[in-house]
Amino acid sequence: MAAALTPQQLSETHRPTLDRALETIGTRAYWSPHPEHPKAYGEGGAPGSLGAAEGRAAFDAVLNTRFDLDQPGTDGWAGGEVSPYGPELGVEYPHADIDVLLPAMKAGSAAWRAAGPETRALVCLEILSRISARTHEMAHAVMHTSGQAFMMAFQAGGPHAQDRGLEAVAYAYQEQTRTPGAADWSKPQGKRDPLRLTKTFTTSGRGIALVIGCNTFPTWNGYPGLFASLATGNPVLVKPHPRAVLPLALTVRIAREVLAEAGFDANLVALAAERPGEGIAKALAVRPEVRIIDYTGSTAFGDWLEANARQAQVYTEKAGVNTIVVDSTDNYRGLLANVAFSLSLYSGQMCTTPQNLLIPRDGITTDDGPKSYDEVVADIAAAVNGLLGDDARAAALLGALVNPDVKARVEAAGELGEVALPSRTVANAEFPDAVVRTPVVVKLDGTKTDEDAAYLSECFGPVSFAVEVESTSAALELLRRTIREKGAMTVGAYTTSPEVERAIEDVCLDESAQLSLNLTGGVYVNQTAAFSDFHGSGGNPAANAALCDAAFVANRFRVVEVRRQA
């Protein structure tokens, strides 16, 4: 039995980190308490953390086992994950009788509420600290459920996900402490004695929060909602994607251990694994006990949740059509390199990957002379080929296709238009069964009105469209239309014209889309930094919430007032 975690220990260990996080969300400066480099863990690194060999051994030890969480209502086992790199994971997870599990989760709510915002925040930081110590293990779990290459799984699935979780805790603490815990109230009554009351204000969670995990970024997309809800006083039920259970199961196990050690009910966090084809998300989403839902995935199911889970506050991140407008540049080589990397990273399987490249029919001006539409497209294709020409380098950037549907879209893309860059198969020497494909770029005519044009819908995966438009102004009209009708998580643009820059900015401000201008270095439109960048805006159809802002946390709790006669 591990030693109990006292409030004093939690404060001494984690209050400085919480204070720094609160400061940073105000300054929007760069900061992270979670190291990005693998060598920062293990011997000589963060105290108590697993090194590379230890992390791999811990991951291997979980394979082909039953992942027991000692949850109430376990009525069987579920599993079936297969790595996009080939091997079956062979892990079985507890399958829950929801009618037993949900009441058990609510049993600890009163004590969790009474703990207050600070203690809840510090417990969450202890959970994140222990997750961080096992980043090497988590990286393998993310890699072999999402298809991310190891370094991306390590960074995005580890420290970057942990940063997003901490960011959510900081916002949650900030919003809950805007109102004082107590107040003395006195209203003058002239010659009579004043009216006097004492008042207390307690933050209270809405109820059970349901996190519906995604296949591609189980921790990065899962941690903000999980920690925002837990920090605001809500029990959290984690329903992973059936192909990506292990990273969130590891997270739930750690959370349950910390809660118990801190004197709280471990059932405040629980796992809901599902059997093949069971589809329990719909059933859970409309349970009256479920009052908050966080979801990342398809537009169809996100729309269903928003329409049908009426008893819950629903936060969704769905599909969008991400766009780059190419008008002009003073760093043509930098543009090509940046766009090529953005199209290639994780085989285009990021919700932030650009899909549509809007290029004027008459071409663009550059520091390398004028470039026609055909030249720009050919040069982007050449840049991608140059980046991915070596199979070992390509495999490290592309990872593996997460499921057969993505492969089918890549193979069908050639039927949509003229192929400027065909996709090729990449061999992964370490995992010969991995399905790895380079991006395909298809040339499409955007000068004609076509309601069924391929570029007006998301084509998830390594498929991009070089859309020929009449002019930059026509590009902006198309940009506005796609954001308004389909949504966008990211917009990029290249221009040397202050007037065009203002016009692009106006479109993005009008339609609530996050904009990146003239990226030619080591920052890419796909990437966002916790504590500084907002992921999504909540203002267009791609997502109804932003990671992370005050609106993301403030509606997860209520303030309950008690008045007493003084």
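Just so it is clear, the model here is predicted, and its values are computed rather than measured.
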Judged by atom type as modelled, is there a donor-acceptor pair below 3.5 Å linking the side chain of [X] to the main-chain atoms of [Y]?
{"X": "S229", "Y": "L226", "result": "no"}
{"X": "S347", "Y": "Q349", "result": "no"}
{"X": "E81", "Y": "L89", "result": "no"}
{"X": "Q355", "Y": "C459", "result": "yes"}
{"X": "T299", "Y": "A319", "result": "yes"}
{"X": "D163", "Y": "F531", "result": "no"}
{"X": "N267", "Y": "L101", "result": "no"}
{"X": "W77", "Y": "D68", "result": "no"}
{"X": "R564", "Y": "T198", "result": "no"}
{"X": "D97", "Y": "D75", "result": "no"}

Measure from NZ or CZ of R28 to the centre of the six-membered ring of F534, then state whether that distance is under 6.0 Å and the direction lies within 45° of the axis.
-> yes
Report yes or no: is the cationic atom of R556 (NZ for Lys, CZ for Arg) under 6.0 Å from the centre of the six-membered ring of Y315, at an angle within 45° of the ring normal?
-> yes
Quick one: [atom1] on [X] to [atom2] on [Y], what's the gap to the nearest 0.5 Å?
{"X": "E126", "Y": "I254", "atom1": "CD", "atom2": "CD1", "result": "10.5 Å"}
{"X": "T296", "Y": "F217", "atom1": "OG1", "atom2": "CZ", "result": "11.0 Å"}
{"X": "L50", "Y": "T135", "atom1": "CG", "atom2": "OG1", "result": "9.0 Å"}
{"X": "T316", "Y": "N544", "atom1": "OG1", "atom2": "CG", "result": "3.5 Å"}

So, do F552 and H535 have ring centers that fall under 6.0 Å from each other?
-> no
Taking the six-membered ring for Trp, are the ring centroids of Y295 and F301 within less than 6.0 Å of each other?
-> yes
Could you give all pairs that pass the side-chain hydrogen bond (donor to acceptor under 3.5 Å, both in side chains) test and reach residues 203-217, with sequence neighbours left out?
-> R120-T203, Q176-T203, R206-N555, N215-R243
side-chain hydrogen bond (donor to acceptor under 3.5 Å, both in side chains): which pairs involve residues 36-53, sequence neighbours left out?
-> E36-H160
Apply side-chain contact (heavy atoms from CB on, under 4.5 Å) to A249 and list each qualifying residue two or more places apart in sequence or on a separate chain.
-> F67, Y93, V245, L271
Under the side-chain contact (heavy atoms from CB on, under 4.5 Å) test, residues paired with D19 that sit two or more places apart = R15, L22
Return yes if a side-chain donor-acceptor contact under 3.5 Å exists between [X] and [Y], otherwise no.
{"X": "N540", "Y": "S512", "result": "no"}
{"X": "Q514", "Y": "T528", "result": "no"}
{"X": "Y223", "Y": "T251", "result": "yes"}

Heavy atoms, side chains only, cut-off 4.5 Å: are [X] and [Y] in contact?
{"X": "Q311", "Y": "V290", "answer": "yes"}
{"X": "N526", "Y": "P354", "answer": "yes"}
{"X": "S298", "Y": "F460", "answer": "no"}

Restricting to non-hydrogen atoms, name the atom on [X] and the atom on [Y] that form the minimum distance, rounded to 0.1 Å.
{"X": "A542", "Y": "A488", "value": "CB-N, 3.5 Å"}
{"X": "P541", "Y": "G487", "value": "CD-CA, 3.7 Å"}
{"X": "M143", "Y": "F431", "value": "CE-CE1, 3.5 Å"}
{"X": "A513", "Y": "I483", "value": "CB-CD1, 3.8 Å"}

In terms of the angle between their ring planes, are F264 and W112 parallel, tilted or perpendicular, with boundaries placed at 30° and 60°?
-> perpendicular
With E12, the side chain to side chain donor-acceptor pair (under 3.5 Å) member among H14, Q9, Q8 = Q8
Electrostatic pair D265:K106 at N-O distance under 4.0 angstrom = no
N-O pairing of E458 and K486 below 4.0 Å = no
Test salt bridge (Lys or Arg N to Asp or Glu O under 4.0 Å) on R56 and D60 and set out the steps.
-> CA-CA 6 Å; R56 178 57 190 263; D60 289 341; 3.1 Å; yes
Does the pair R164 and D533 meet the rule for a salt bridge (Lys or Arg N to Asp or Glu O under 4.0 Å), with working shown?
-> CA-CA 11 Å; R164 283 296 185 191; D533 295 324; 6.0 Å; no
Under the side chain to side chain donor-acceptor pair (under 3.5 Å) test, residues paired with R291 that sit two or more places apart = none
Can you list every pair that meets ring-ring contact (aromatic ring centres under 6.0 Å, His included) and has a residue in residues 233-259, with sequence neighbours left out?
-> none
Under the criterion side chain to side chain contact (heavy atoms under 4.5 Å, CB included), which of L246, L250, T219 is the partner of V142?
-> T219
Would E257 and R253 satisfy salt bridge (Lys or Arg N to Asp or Glu O under 4.0 Å), going step by step from the backbone distance to the final call?
-> CA-CA 6 Å; E257 291 170 353; R253 174 180 278 174; 5.0 Å; no
